[in-house]
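Down below is the structure, laid out as structure tokens.
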Amino acid sequence: MTGVSFDSVFRPGRIGTLSLRNRIVMGSMHLGREADADDGRALAAFYAERAAGGAGLVITGGWAVNRAGAGGPDYGFVNERAGRSALTRVASAVREARGRIALQLFHAGRYAPAGSAGAEPVAPSAVPSRFSGVTPRALTGPEILATIEDFAEAAGNARAAGFDAVEIMGSEGYLLNQFCSPLTNRRDDEWGGDADRRMRFGLAVVRAVRAGAGPGFPIIFRLSGDDLMAGSSTAAEVAEYARRLVDAGVDALNVGIGWHESPVPTVQALVPAGVWIRYAGPIKAAAGAVPVIAGNRINRIELAEPVLRAGSVDFVSMARPFLADPGFPRKARSGRLDLVNVCIACDQACIDRSLRGRRVSCLVNPRAARELDLEATAHRAGAGTVGRHRFAVIGGGPAGCESARALAELGHEVELFEAARELGGQFRLARTVPGKADYGGTIAYYAAELARLGVRVRLNRPISGREAGHLAGFDGVVLATGTRPRRARVPDSGHPLIVDYPAAFRRWPSGTRTAIVGGGGVALDLAHFLSHRGETGDGHREFLADHGLVPDDRPESRNPRVTLLGRGPRFAPRISPSTRWALLDAVRRSGVELMPGVVCERTEAGGVRVRDANGEQRLVPADLVVFATGQEPEDTLVPVLAGLGVPYRVVGGARAAGGLDAVRATEEGLQAAGELAGLAGAARKRTIRVLP
């Protein structure tokens with residue numbers, strides 16, 4: 001793919017004394033591996049691969065400056081011996097990859113969970129946190145001064161470890177942001193009481209970091225463009241804070257957005273790409289010549305180019321896209337955008353895991369943050385391999401595509417059989433849901449990547465039990481045939497139009513009254529799809545208007561013609577927790593009627609007869625009834641494969657439909673590839689006579 005220009009993206013830039021090869025910054029992400037007892041090996045492999053992939057600057061996940069500042073038990077401590085040793089390894093690995101790296105200095109404040117690092121949560125004031133569920137203790141004056149010194153010590157340790165810069169975390173509702181906000185800083189002393197005094201802590205931290213790091217060492221400060229919290233810092237206060245930070249000596253400002261407690265979604269797929277860039281403009285105006293970094297929901301390098309060309313910011317931060325594809329800048333520069341594995345903003349393996357204290361990875365790239373684990377698996381497979389083996393993959397959904405990709409990357413011959421005319425499995429449905437168009441990008445990526453690797457993809461090629469005998473000629477088989485819809489046993493008394501959920505994702509006539517029977521994630525997505533009123537030309541403005549961030553001058557167009565009927569008390573309880581609340585809010589705004597705790601007794605000519613939790617019966621009017629009541633494994637080939645005597649693995653929905661999500665599917669697909677390659681290699685090796 002050629003003809004796409006990225007002149008602005010690949011223009012060199014500077015942050016203080018630091019020269020950078022391009023304008024793409026890999027934003028900070030906590031990985032859940034910072035406290036691993038491996039002396040930083042896993043982190044070094046992760047960051048070095050992103051540096052080699054073309055990031056202009058890599059910013060680490062937050063490293064706590066003291067025990068009270070940890071965001072959980074899996075945080076590292078920059079001022080402790082084990083942390084310094086690990087960080088030295090990380091900086092060295094990135095330097096060997098010819099990259100540049102900044103260490104983020106972090107303090108969670110009231111967002112720290114109780115007792116996670118042996119210290120109680122502290123904050124400017126004892127204001128409870130809905131995010132952490134704790135009420136912190138207010139810092140004393142001496143403790144504030146000690147915390148400032150901890151930041152200074154951390155900066156000196158970062159420089160000594162070989163880092164090129166530091167970033168001070170002062171956004172997203174963490175400690176420094178808490179000092180700035182009247183919502184969380186209720187002090188009336190030198191550290192609070194009015195806007196000037198609330199800014200004082202952050203400015204003192206900057207000056208201390210400058211003293212600790214020494215002259216010429218670049219300092220980035222991440223500040224909040226808008227807290228998205230009613231009653232928090234005003235736009236004028238944020239701009240003034242930016243000016244004072246520049247005067248205090250920062251070399252760049254990185255603009256964050258929102259708090260974890262904000263009622264406005266900021267990172268979910270339904271947030272329009274690039275919508276938060278507008279909050280960087282006033283900060284750029286206040287910063288003068290000091291460069292400004294901005295991002296948040298920019299997931300494609302094609303989106304970064306016009307932002308940089310417009311000149312409203314100097315660098316673009318892209319965090320999760322580096323989970324999805326560590327080499328996307330390099331691929332873009334070589335003209336291969338078709339090989340970029342796009343972040344779909346699902347949050348399932350990254351943000352959700354991080355907030356639960358689990359190791360982060362990526363749905364569309366299950367290798368992410370597991371590079372050494374999987375390198376060892378690949379090595380074991382390769383060590384046992386004699387020659388090139390042949391593998392069959394049945395099913396072209398995410399699990400099957402990932403198996404085929406991994407096997408081909410190990411150097412094997414792979415043939416993929418897909419019953420439909422296109423790869424993608426359930427991603428073909430997902431891409432039609434509002435905000436999920438990028439799921440189609442995953443399909444396009446796999447199609448291009450499998451072609452590059454030489455995988456023979458046979459579309460419109462279902463495999464039946466009768467013709468499965470030819471699979472005996474392969475060295476291994478991956479069964480990734482997914483699921484089929486499960487139909488609820490609801491008596492029908494003559495409703496004219498009843499369909500399963502795949503059919504309902506086709507566009508139905510406007511104004512159709514629809515009842516969706518089911519309360520899971522698919523049902524909720526379908527309700528969003530059928531009720532979405534569509535964009536009228538400015539998706540950014542519509543999103544901002546929905547959340548009260550700009551005036552809403554649109555005509556009233558609520559259309560309560562979709563009803564969601566769930567048996568349980570909560571809708572979609574197993575989907576991504578960071579997405580669920582935002583999706584429920586979106587469907588309510590679209591006029592969907594949510595009816596939890598109901599039993600569907602029968603369908604009839606006029607709709608669905610239900611009985612609610614109080615035992616009362618009513619008819620839900622509907623011209624169309626859609627059943628989205630779960631899935632069953634499409635596993636009819638399992639006994640056939642078992643009888644062939646060929647090693648095989650069943651992955652994804654074909655293995656188990658219960659609790660299925662695409663994260664599990666792609667992880668199982670990747671794991672199956674490593675296991676089968678190892679088995680085939682070991683079997684071949686046993687057949688070779690070793691000469692004396």
Side-chain angles (χ1 to χ4, degrees), residues 13-20 25-31 34 40 43-44 47 50-51 55-66 69-71 75-80 83-95 99-108 147-172 174-177 201-223 242 245-246 248-256 287 290-293 314-315 317 319:
R14 292 182 69 83
I15 293 178
T17 59
L18 182 62
S19 297
L20 301 176
V25 173
M26 178 183 141
S28 174
M29 294 175 287
H30 181 66
L31 300 176
E34 285 78 0
L43 291 175
Y47 290 123
R50 274 76 193 162
L57 175 67
V58 171
I59 302 178
T60 70
W63 279 70
V65 299
N66 57 35
Y75 273 69
F77 299 96
V78 62
N79 292 335
E80 297 185 9
R84 292 195 299 271
S85 177
L87 290 171
T88 299
R89 183 184 297 277
V90 168
S92 176
V94 171
R95 188 164 51 250
R100 296 287 182 264
I101 186 166
L103 178 67
Q104 188 183 83
L105 310 182
F106 177 89
H107 195 300
T147 301
I148 293 170
E149 287 305 310
D150 289 336
F151 274 95
E153 182 184 352
N157 285 332
R159 185 167 195 167
F163 281 82
D164 300 290
V166 292
E167 177 177 84
I168 301 168
M169 178 44 148
S171 182
E172 272 80 16
Y174 293 109
L175 181 68
L176 276 74
N177 204 176
F201 179 74
L203 298 173
V205 166
V206 169
R207 295 187 184 100
V209 165
R210 167 58 65 218
F217 191 69
I219 299 172
I220 304 167
F221 192 98
R222 183 171 175 88
L223 80 163
L245 288 167
V246 170
V250 302
D251 296 290
L253 294 170
N254 191 357
V255 184
V290 168
V292 169
I293 308 165
D314 302 282
F315 294 87
S317 173

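What you see is a predicted model; the values in this text were computed from it and never measured.
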Spacing of [atom1] belonging to [X] relative to [atom2] belonging to [Y], to within rounding of 0.5 Å:
X    : Y    : atom1 : atom2 : answer
I15  : E167 : CD1   : CD    : 9.0 Å
L87  : E80  : CG    : CD    : 11.5 Å
N254 : R222 : CG    : CZ    : 5.0 Å
T147 : H107 : OG1   : NE2   : 5.0 Å
R14  : L20  : CZ    : CG    : 8.5 Å
L57  : I293 : CG    : CD1   : 7.0 Å

Checklist entry - Are Y75 and F106 an aromatic pair by the rule of ring centers under 6.0 Å? => result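 Yes.
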Taking all non-hydrogen atoms of both residues, which atom of [X] and which atom of [Y] are closest, and how far apart?
X    : Y    : result
A51  : V94  : CB-CG1, 3.9 Å
P291 : F315 : CB-CE1, 3.9 Å
V90  : G40  : CG2-O, 4.0 Å
A165 : L18  : CB-CD2, 4.4 Å
G99  : D164 : O-OD2, 4.2 Å
A70  : A108 : O-CB, 3.9 Å

Heavy-atom distance under 4.5 Å between the side chains of [X] and [Y], does that happen here?
X    : Y    : value
Q104 : W63  : no
V250 : I220 : no
L223 : L253 : yes
F77  : V65  : no

Next on the checklist: Which label fits F151 and F201: parallel for a plane angle under 30°, tilted from 30 to 60°, or perpendicular past 60°?
Outcome noted: perpendicular
Item to check | side-chain contact (heavy atoms from CB on, under 4.5 Å) between V290 and L245, intermediate numbers included | outcome: CA-CA 10 Å; V290 168; L245 288 167; over 6 Å; no
Checklist entry - Just checking, is any N or O donor in the side chain of E172 or N177 under 3.5 Å from an acceptor N or O on the other one? => result no
Check whether [X] reaches the backbone of [Y] with its side chain - one donor and one acceptor, N or O, closer than 3.5 Å.
X    : Y    : result
S28  : I59  : no
R159 : A213 : yes
S92  : T88  : no
N79  : A154 : yes

Item to check | Salt bridge flag under 4.0 Å for residues R210 and D251 | outcome: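 Between D251 and R210 there is a salt bridge, with a charged N closer than 4.0 Å to a carboxylate O.
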Item to check | Residue from D150, V166, L103, N66 passing side chain to side chain contact (heavy atoms under 4.5 Å, CB included) with V78 | outcome: L103
